[in-house]
Structures are given as structure tokens and as C-alpha cells.
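Numbered from 1 within each chain, the chains take letters A, B, ... in sequence-line order. Treat the numbers as computed from the prediction; the structure is a model and nothing was measured.
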Number of protein chains: 2
Amino acid sequence: MDAAAVRKVRSFNRTTAERIGALSDGFLGRGRPMGESRTLWEVGQDGAEVRELRARLGLDSGYASRVLQSLERQGLVKVRPSGADARVRQVELTPAGVAECAELDRRADRVAWSFLEPLPVDKRANLVNAMVEVDRLLQASTVVFGVEDPTTADAQWCIQQYFDELNQRFETGFDPTRGIQAEAHELMAPAGALMIARLRGRPVGCGALKFHGRAPAELKRMWVSRDARGLGLGRRLLAELERHAIASGVKVVRLETNRTLKEAIALYRSSGYREVQRFNDEPYAHHWFEKRLRKGS
Amino acid sequence: MDAAAVRKVRSFNRTTAERIGALSDGFLGRGRPMGESRTLWEVGQDGAEVRELRARLGLDSGYASRVLQSLERQGLVKVRPSGADARVRQVELTPAGVAECAELDRRADRVAWSFLEPLPVDKRANLVNAMVEVDRLLQASTVVFGVEDPTTADAQWCIQQYFDELNQRFETGFDPTRGIQAEAHELMAPAGALMIARLRGRPVGCGALKFHGRAPAELKRMWVSRDARGLGLGRRLLAELERHAIASGVKVVRLETNRTLKEAIALYRSSGYREVQRFNDEPYAHHWFEKRLRKGS
DNA sequence: TCCATTCTCTGACCTTAGTCAGAGAAATCC
DNA sequence: GGATTTCTCTGACTAAGGTCAGAGAATGGA
């Protein structure tokens with residue numbers, strides 16, 4: 001733990017928390033409790049189902065019900081039974097609600113501008129650049145990893161992204177029907193596992209394991225979204241997969257990879273994988289790696 | 001208002017508020033209401049008077065009283081009448097309170113570290129650098145300007161800083177007893193005004209006006225602290241002084257300055273001051289400027 | 001000495017933001 | 001067709017974080 005760096009981060013935390021908190025609450029509240037403003041905002045232009053709203057904002061059903069009643073009394077939203085299923089209720093903004101949302105939007109803009117406005121023009125650009133950098137790098141620490149069902153739309157999307165990436169990068173292109181397959185059922189317990197990395201719920205990376213009993217497990221489908229690279233996600237994903245493998249009784253992990261995937265190869269090497277003799281006949285592979293897992297790692 | 005920049009600032013606000021808020025509350029609360037933790041922290045190693053504590057934290061007297069009682073019941077602080085004035089009460093940490101503060105400190109360190117920890121080492125440095133930049137530039141928007149009594153210790157300190165700066169920069173050094181004086185009473189209403197810029201209560205700049213009835217007012221004592229330069233404070237200070245001058249019925253402001261003060265000269269020129277013939281015999285001056293004030297400016 | 005002020009405490013009250021345990025209606029499963 | 005599940009609402013309750021109006025003691029100034 002780097003003490004000087006920690007001191008700077010704490011100073012940053014204090015300054016920004018104060019600055020953002022003070023302004024946002026006073027300015028965006030509009031005399032209304034913040035919970036109502038947040039809900040109003042979340043209903044948005046397109047309306048939403050109450051259950052979906054509750055899930056997004058993490059509200060208790062009783063609490064959500066009362067917040068919506070209050071907004072309805074203020075004439076900002078209209079709640080009515082959904083057409084398809086009369087149990088679920090559909091919330092929509094009234095014209096007054098739309099106007100109020102627009103006002104909140106303008107106010108949030110003004111809060112943002114109040115950070116920039118006092119600065120000379122060139123410093124404004126510096127501040128924005130630094131904020132973009134902080135934003136991006138902070139997001140890395142909010143990424144969550146989890147083993148998921150490989151048949152869901154999100155999982156399929158990740159795997160498609162992975163295929164697209166390979167197709168772009170391999171000198172020969174990539175055809176998923178050639179070479180060694182990994183069907184969805186092979187990536188589900190107990191045959192295997194698919195781990196997905198999510199940023200604010202959006203998938204930004206994946207990686208999979210195929211178990212082979214006492215024989216080495218295979219590592220497959222390692223992919224990190226283009227806009228989330230350079231944040232160390234690949235390494236964390238690999239570590240999570242190894243942890244999961246150890247927990248499943250795996251002793252050795254092996255993988256094959258293509259020579260064009262330089263960052264991946266560097267990642268494997270620096271994570272303790274050593275290159276071994278070809279152990280399968282994957283047509284797209286140039287390198288084969290293996291690692292003996294240990295509890296501590 | 002630059003829409004693209006505003007969008008980036010808003011994204012930054014959202015990310016950091018979420019990240020800092022979520023972690024800090026859960027982690028620093030220690031099962032205790034946050035108000036108590038904040039108060040405990042503010043009492044600090046040296047103890048404090050209750051009224052001072054209230055002022056710093058902006059608490060109601062009744063509320064503060066109850067928070068302190070609760071902390072006392074937990075054995076973390078000791079409240080007793082102050083020696084000098086039996087109305088005011090002095091708060092001090094008990095040994096348990098000192099230990100608890102140290103624990104809070106360690107936790108705040110861990111929160112800070114949790115931002116850096118998931119990142120690869122080189123990105124950690126990038127994040128810290130960007131945070132330092134944001135921290136510094138955001139502070140600019142928290143600076144407040146106000147006309148103050150020139151006889152206070154803070155005001156005297158600012159003027160001394162100004163003299164020291166001149167003494168370092170003038171080729172000939174600077175002796176405040178030579179040249180045209182501006183005594184404290186000349187900078188007080190109705191003869192003049194001293195404006196001080198403060199960052200978190202600490203003075204970081206000053207500037208003064210001397211009124212001469214219908215004749216042009218004089219601008220004096222423009223100074224910005226070394227560590228707050230490059231944030232556009234000089235320009236804002238000048239604008240505030242001009243606003244104050246207009247409100248006091250001033251039509252024209254003039255000033256003299258030394259050729260070594262290049263940034264100041266550039267500021268005057270770009271703020272609408274034009275160079276005029278020498279209008280006094282200030283021995284340290286090389287340039288004389290004048291500006292006709294207008295309501296809108 | 002007396003009056004006004006300062007500082008703290010107490011009691012009464014308030015809002016926000018929840019949580020929890022049902023109840024009732026609609027939909028789905030078997 | 002009946003049982004179970006899903007979704008929403010209501011009522012009762014809680015904690016945190018405050019506000020406001022005095023009361024009482026100590027102090028300072030005329």
C-alpha cells in the first residue's frame with residue numbers, strides 16, 4: 001500500500017465528495033426528496049414497469065409504491081396496469097413530468113458547468129481530460145465477476161464478440177465451425193464454467209473453463225471488450241477463473257492460442273503459464289500453455 | 001456552455017459520487033451513525049471546544065449536544081467545562097477514542113487503496129496523477145471572495161505575502177516604506193476596500209481599492225498565492241474588485257505596476273486595461289494602466 | 001448591581017429513507 | 001380447477017439526521 005498515493009486519493013475523495021454532494025443535493029432536489037427525483041429520472045422518456053424500476057434502483061416494494069404515489073399526487077407520473085399482464089404496473093411521465101425531467105437535466109448540466117466555469121479556458125480542458133481519465137480508471141474497480149449461464153443473450157453476445165475479435169485479428173480470419181468447439185452445455189456445471197465480467201451490469205469480458213476430470217482443465221474464450229482494455233481486467237478475469245478451477249478440484253490448466261494475440265500471450269506468461277508441446281490439433285493455434293495451480297495463487 | 005465537456009463532467013460526477021459514497025458510508029460507519037464518526041474525527045488529537053466543533057461541522061446546538069452525549073456514553077470522548085470560560089465545554093478523546101480514530105484512519109486508507117488496488121501498477125500512477133489534477137482544479141471552484149477588514153491577522157498576512165513577492169521579483173528588491181503607501185484605514189470603507197480570496201477558509205489571494213471621490217479609484221495589492229496560480233483566480237479577483245468598484249460609484253480604475261510582473265500585466269491588458277501616461281511618481285512602477293468600468297463587464 | 005448576551009442542554013417535533021409482514025389480485029403450473 | 005407464484009399495495013415500525021423553542025448557568029458591559 002503506497003502511502004503517498006493513498007494520501008492523494010484521500011484528498012481527492014474529500015474534495016470531490018464535498019463538491020459533488022453539496023451541489024447535487026441542493027440543486028437537484030427541487031424541494032422534493034432525492035428518492036423521488038431519482039425515481040422520476042429513472043422512469044424517463046419511455047416509461048418503465050414498476051418491478052423493473054424497483055430492480056434498477058434497488059427499492060423495497062412498499063417504499064417504491066409510496067414514492068410513485070407521491071409522484072402521482074404531484075401530477076408528474078401516471079401509473080396504470082400493464083396491458084399484457086394485469087399484475088404488473090406501468091409508469092409513464094405526464095407532460096408535467098417530462099418538463100420536470102428536462103428541468104432536472106438542465107440543472108445537472110449547470111452543476112457540471114459550475115465546475116468548469118470558474119477556470120480559464122485552457123484549464124477547463126485539463127480538468128475535463130483528468131476527469132475522463134479518473135472516470136475510466138475508477139470504473140475498473142467496479143467491475144464484478146461471476147459464473148453465469150452460457151445460454152443467456154448476454155453470454156452469447158460475449159462469445160460472439162470474442163469470435164468477431166478473432167476473425168479480425170487472425171491472419172486467416174476465424175471460422176467458429178472449424179477447430180475445437182465449446183458448446184454451451186460444455187461450459188455449464190459440472191462440465192465447465194463461463195465467467196463474465198460486468199461493468200454497471202453491462203458485460204465487458206468473459207472467459208471459460210472446460211473440466212476433464214483428473215486431466216488438465218482447458219481455458220477458453222478469454223475476451224475483454226475493446227473499450228475496457230488496459231485496466232487489468234484480463235489479469236483479474238484469469239485469476240478469478242483459476243480460483244474457480246481450484247475450487248472445482250482442478251490441478252492443471254492448459255490452453256492454446258494464436259500468435260496474433262500478443263497481449264494474451266504476454267498475460268499468460270506473466271501469470272505463470274509456461275509454453276508446452278502441442279497437446280491438441282486446434283488448427284488456429286500456434287502456442288500451447290500450461291500452469292499448475294496452487295491454493296495461494 | 002460546452003455540451004461535450006458537460007457530458008463528461010456529469011459522467012465523472014456520477015461515477016465518483018457512487019464509488020466514494022458507497023464505500024465510505026459502509027466502511028467508515030463502524031455500526032455508528034455517520035454523524036458521530038464525523039464528529040469524532042473532527043474532535044481529533046488536540047480536542048476542541050463544542051462551539052468550534054459546531055461551527056466546523058455546521059451542526060445545530062441541540063443535535064451536537066446529543067451526538068457528543070452518545071459518544072461519551074460509548075466512552076470515546078470526555079466533555080468538561082473549559083477552564084477559562086465555564087459556559088463553553090471542551091471535548092477530548094479518551095484513549096478508546098484515540099484508538100477508534102486511528103481505526104477510522106486505517107479504514108479511510110483502505111478505501112483509498114481499494115480504488116488503486118485492482119489496477120495494474122502503471123495505471124495506478126495514471127489514476128493518482130489524474131486525481132491530483134482534478135483535486136487541484138476543482139478547488140478553484142470552491143474559492144470564495146469577500147471584502148474584509150484589513151486589520152485582521154489574515155489580511156495582514158496576505159499583504160505581507162504580497163510584499164515578500166515583490167521583494168523577490170523586483171530587480172531592485174522592494175521596501176514597503178518607500179513609494180506610495182496604503183495604510184489599513186485607507187483600505188476600509190468608505191476610503192477603500194480589501195478583497196480576500198479564500199480556499200477552505202485559508203486566504204489564497206487579495207486585492208484592494210482606494211477610492212478618490214469622483215476621481216479614478218486606485219487598484220492595489222493584487223496578489224495570488226503561489227500554489228493557487230494558474231487557476232484563473234487573478235482574473236476572478238479583478239472582476240470581483242471591479243464589481244465592487246462599480247457598486248461604489250467608481251467610473252474609472254487606474255493602477256501602476258512593475259515590468260517584472262509579466263502575468264499581471266498580461267491580465268490587465270486582456271481585461272480591458274489600456275496603458276496610459278505616468279499619472280503618479282511611484283518609484284517602483286514602469287507601467288500605468290486605466291480602465292473605464294461599465295455595468296455589464 | 002443589573003441586564004443582555006453567550007453557550008449548552010432538554011424536550012418536542014419533523015422528514016427522509018427505509019424494512020417487514022401480510023393481504024389481495026392476477027397469472028401460471030400441474 | 002386448485003395450488004402456487006408473481007406483483008403490488010397497505011399498515012406498522014425503525015433509525016438517522018435534523019429543527020425549534022425554551023431553560024439555566026456563566027459572563028461581560030453599563
Side-chain angles (χ1 to χ4, degrees), chain A residues 17-18 21-22 24-43 47-74 76-92 104, chain B residues 17-18 21-22 24-43 47-74 76-92 104:
Chain A
E18 242 174 54
S24 304
D25 290 9
F27 218 65
L28 301 179
R30 297 272 282 148
R32 208 187 329 279
M34 274 303 280
E36 291 185 10
S37 291
R38 280 202 309 148
T39 306
L40 191 63
W41 182 259
E42 205 63 40
V43 172
E49 291 178 351
V50 169
R51 60 175 171 183
E52 182 199 341
L53 219 50
R54 275 211 323 264
R56 281 216 296 265
L57 291 166
L59 302 178
D60 171 86
S61 65
Y63 184 41
S65 173
R66 268 178 280 256
V67 166
L68 287 170
Q69 276 167 40
S70 166
L71 288 173
E72 199 161 19
R73 267 198 308 280
Q74 293 169 58
L76 299 173
V77 304
K78 185 101 210 127
V79 186
R80 65 170 148 228
S82 157
D85 182 341
R87 289 169 307 180
V88 324
R89 307 256 280 156
Q90 185 75 23
V91 195
E92 246 132 61
L104 288 177
Chain B
E18 242 174 55
S24 304
D25 291 9
F27 218 65
L28 301 179
R30 298 272 282 148
R32 206 188 330 278
M34 272 305 278
E36 291 185 10
S37 291
R38 280 203 309 149
T39 306
L40 191 63
W41 181 261
E42 205 63 39
V43 172
E49 291 178 352
V50 170
R51 60 174 171 184
E52 182 200 340
L53 221 50
R54 275 210 325 262
R56 280 215 297 263
L57 291 165
L59 302 177
D60 171 86
S61 65
Y63 185 40
S65 173
R66 268 178 280 257
V67 166
L68 286 170
Q69 275 167 40
S70 166
L71 288 173
E72 199 161 19
R73 267 199 307 281
Q74 292 169 59
L76 299 172
V77 305
K78 185 103 211 127
V79 186
R80 63 169 148 230
S82 157
D85 182 340
R87 288 170 306 181
V88 322
R89 307 256 281 157
Q90 185 75 21
V91 196
E92 245 132 61
L104 288 177

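- When atom types are taken as modelled, the side chain of Ser65(B) and the backbone of Ser61(B) share no donor-acceptor pair closer than 3.5 angstrom.
- With hydrogens and angles ignored, the 3.5 Å screen pairs a side-chain donor or acceptor of Glu72(A) with a backbone N or O of Val79(A).
- Rounded to whole angstrom, the span from the CZ atom of Arg87(A) across to the P atom of dA26(C) amounts to 11 Å.
- Taking atom CZ of Arg89(B) as the reference point, atom C1' of dA25(D) lies 12 Å away to the nearest angstrom.
- dC7(D) atom P lies 16 Å from atom CG of Leu68(A), rounded to whole Å.
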N/O-N/O pairs, protein side and nucleotides 14-20 of chain C side, under 3.5 Å:
from    : atom 1 : to       : atom 2 : distance (Å)
dA17(C) : OP2    : Gly35(A) : N      : 3.4
dT19(C) : O4     : Arg66(A) : NH2    : 3.4

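- Side-chain atoms of Glu36(A) and Ser70(A) form a donor-acceptor pair, as typed in the model, at a separation below 3.5 Å.
- A straight line from CG of Leu53(B) to C1' of dC7(C) spans 14 Å, rounded to a whole angstrom.
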Go through Leu68(B) and Leu53(B) one step at a time and tell me if the side chain to side chain contact (heavy atoms under 4.5 Å, CB included) criterion holds. CA-CA 10 Å; Leu68(B) 286 170; Leu53(B) 221 50; 4.3 Å; yes
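- For the pair Arg73(A) CZ and dC9(D) P, the interatomic distance rounds to 13 Å; values are reported in whole Å.
- Nearest heavy-atom pair, Leu28(B) versus Leu104(B), reported as atom, atom and distance to 0.1 Å: O-CD2, 3.4 Å.
- Residues Ala64(A) and Arg54(A) share a closest heavy-atom pair of CB-CG, 3.5 Å.
- Atom CG in Leu71(B) sits roughly 14 Å away from atom C1' in dA16(D) (whole-Å rounding).
- Regarding Glu49(A), its CD atom lies at a distance of 12 Å from the C1' atom of dT6(D), rounded to whole Å.
- Gln69(B) has its CD atom 17 Å from the P atom of dG17(D), to the nearest Å.
- Between Arg54(B) and Ser61(A), the one whose closest nucleotide on DNA chain C sits nearer the 5' end is Arg54(B).
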